[in-house]
Amino acid sequence: MSRLVIVSNRVGPLKDTGKAGGLAVALVDVLRETGGLWFGWSGEVTEAGTFSELKRERRGNVELATIDVSPADNDEFYAGYANRTLWPMLHYRLDVAEFSPLFEAGYHRVNERFAARLRPLVGESDRIWVHDYHFLPLGARLRELGVSGPIGFFLHIPWPPTEILSALPRHRDLVRAMLAYDLIGLQTERDRRHFVDYLREEAGGHELPDGRWEAWGHTVRVEAFPIGIDTEGYRGFVATPEARREIQRLDRHLRGRAQIVGVDRIDYSKGIPHRFRAFERLLEDQPELRGRVSLLQISPPSRGEVFAYAEIRRELEHLAGSVNGRYADIDWTPIRFMTRGFPRRALAGIYARSRVGLVTSLRDGMNLVAKEYVAAQEPEDPGVLVLSRFAGAAEAMSEAMIVNPYAADETAAALQAALQMPLDERRARHGALYARLVQADARWWANAFLDRLAA
Ligand code: GDG
């Protein structure tokens, strides 16, 4: 089989350091199968930028190759167009999206440079798999440089309705460039529908008898591949010493009280303020729960250089402070808001000791936390997942308690129902969710995408 080349902004690590996301683990697995190369950003910002020397690291048949970006690239491409224009646009947030010609030019410049640096590393028969919104036009640039083998693209975040996307300046050029890919993978059926609607409405596209789409003189396959986690591997984390340590610490601290857990990078798409308000509503409506249930919110900061992120962090600190000020008691803190991360195995222990996993995304490509929470539960006595209907994960997790995070009263009622749910119902819901996570895991996802790309 031909060699696989993966391109993504963040690369690796090749071995599980305890920090690596499940996605990295799954991608390294598929790279090992046929041997391959993973290309992307080194994580370094240097003056030489995309002209820097290629950094290479090899383990067995898998190689990493990375380059730096310059300070201007970082500001315009990464913190600029990727995270201040595309991220909000694709999360339906026209109100926070910034449209700057400088960002846009930087985005295209970095895509061109990445394509030029990758080109000499690509063999005739290689298959290329490009990831995420940082690299929408990368395939088109690679084609211009003569790459003729299969190139696939997977978008980890949502694809919005045309009415929203069409507000993006030069949206047609961006989507036209995407049609250089042979396969475009999206997280959900809803995202896929939005994408092909766009092709029909804006590009005069139509579906061919073999299911591919023709638009603007290109032919492309567009399908949904909902991303999974390494379910059984994750389940195994709960038995590790790192997880056990957190479980013991929580047992000592909680002393029989129930805990609701939320885990997300600080990001306005995750609906964390809505979560705090729903929890406040629960305490308001159910006075008997005061002193008996708490919310633990773990939120490693991200993209702090972007104003909207610094702002949401301040809002959360304020909200947590005001709920705690109002309801806390000598021996009970309603919301424990932690702006730091935990190692993955420790996190698994925290999920395992939480009665409820609460995900209130206002818009989310998939949401892996929802899946990890389910994977970490003890099948004999599992907790309950309360999940926003606006997370891609909701499409295939109907046995979770699905909520509208904008309705604080509805979310509060679901929390109460989750806290009181009888054991047999918890087991039935968890059993169905877990079985699906085992089937549609990260390996299944990667292989489904690559099989389609090969076809
Ligand atoms: C994007 C899309 C899509 C979180 N806190 C800590 C920590 N995490 C880990 C979680 C989980 C990952 O980060 C977050 O993944 P999500 O899927 O929830 O969200 P995004 O980061 O926004 O990811 C999303 C995903 O891509 C994959 O396609 O599902 O919709 O937005 O794995 O566990 N990990 C550690 N410490 C923490 O404190 N170690």
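Starting from 1, each residue takes its place in the sequence as its number. As the structure lists them, so they are numbered: ligands from 1, and atoms in each ligand from 1. Just so it is clear, the model here is predicted, and its values are computed rather than measured.
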Legend entry - From Ser354 atom OG to Gln259 atom CD, the distance as rounded to the nearest 0.5 Å: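 So the gap between those two atoms works out to 4.0 Å.
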
Inset, instruction - Report the C-alpha distance between Phe337 and Phe276 in whole Å, list the side-chain angles of each, state the deciding distance to 0.1 Å, and finish with yes or no for ring pair (Phe, Tyr, Trp, His ring centres under 6.0 Å). - result: CA-CA 10 Å; Phe337 177 44; Phe276 285 7; 5.6 Å; yes

Legend entry - Residue pair Arg10 / Trp41, side-chain heavy-atom distance below 4.5 Å: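 They are in side-chain contact.
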
With atoms numbered from 1 as shown, which atoms in ligand 1 lie under 4.0 angstrom from a non-hydrogen atom of [X]?
{"X": "Asp364", "value": "24 (C), 30 (O), 31 (O)"}
{"X": "Gly365", "value": "30 (O)"}
{"X": "Gln187", "value": "3 (C), 28 (O)"}
{"X": "Arg344", "value": "32 (O), 39 (N)"}
{"X": "Gly341", "value": "37 (C), 38 (O)"}
{"X": "Arg265", "value": "20 (P), 21 (O), 22 (O)"}
{"X": "Glu372", "value": "10 (C), 11 (C), 32 (O), 33 (O)"}

Legend entry - Pair Asp251 + Arg244, salt bridge at N-O below 4.0 Å: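 Salt bridge absent between Asp251 and Arg244.
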
Legend entry - Lys/Arg-Asp/Glu bridge criterion (N-O < 4.0 Å) met for Arg452, Glu223: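 Here Arg452 pairs with Glu223 in a salt bridge, since their nearest N and O are under 4.0 Å apart.
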
Any N or O of [X] closer than 3.5 Å to N or O of ligand 1:
{"X": "His91", "result": "no"}
{"X": "Phe154", "result": "no"}
{"X": "Leu368", "result": "yes"}
{"X": "Trp87", "result": "no"}
{"X": "Tyr234", "result": "no"}

Inset, instruction - Examine the side chains of Tyr133 and Asn83 and answer whether a donor and an acceptor come within less than 3.5 Å of each other. - result: yes

Inset, instruction - Would you kindly say whether Ser299 and Gln297 are connected by a side-chain donor-acceptor distance under 3.5 Å? - result: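 Looking only at side-chain atoms, Gln297 and Ser299 do form a donor-acceptor pair, the distance falling under 3.5 Å.
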
Legend entry - Criterion ring pair (Phe, Tyr, Trp, His ring centres under 6.0 Å) on Tyr234 and Phe237, from CA distance to verdict: CA-CA 5 Å; Tyr234 205 88; Phe237 281 177; 5.1 Å; yes

Compare [options] and give the one whose heavy atom is closest to [atom].
{"atom": "atom 14 (C) of ligand 1", "options": "Ile298, Leu155, Val369, Asp267", "value": "Val369"}
{"atom": "atom 34 (N) of ligand 1", "options": "Leu347, Ile266, Thr339, Asn367", "value": "Leu347"}
{"atom": "atom 36 (N) of ligand 1", "options": "Tyr373, Tyr351, Phe342", "value": "Phe342"}

Inset, instruction - Verify ring pair (Phe, Tyr, Trp, His ring centres under 6.0 Å) between Phe153 and Phe135, making sure each step is shown before the conclusion. - result: CA-CA 9 Å; Phe153 174 81; Phe135 296 119; 9.0 Å; no

Inset, instruction - Check Val263 against ligand 1 and report side chain, backbone, both or neither, counting heavy atoms closer than 4.0 Å. - result: side chain

Inset, instruction - Between Ile227 and ligand 1, find which residue part has any heavy-atom pair under 4.0 Å and reply side chain, backbone, both or neither. - result: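 Just the side chain.
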
Legend entry - Among Phe307, Phe99, Tyr309, Phe103, side chain to side chain contact (heavy atoms under 4.5 Å, CB included) partner for Arg84: Phe103

Inset, instruction - On the 0 to 90° scale, with breaks at 30° and 60°, tag the Tyr373-Tyr351 ring pair as parallel, tilted or perpendicular. - result: perpendicular

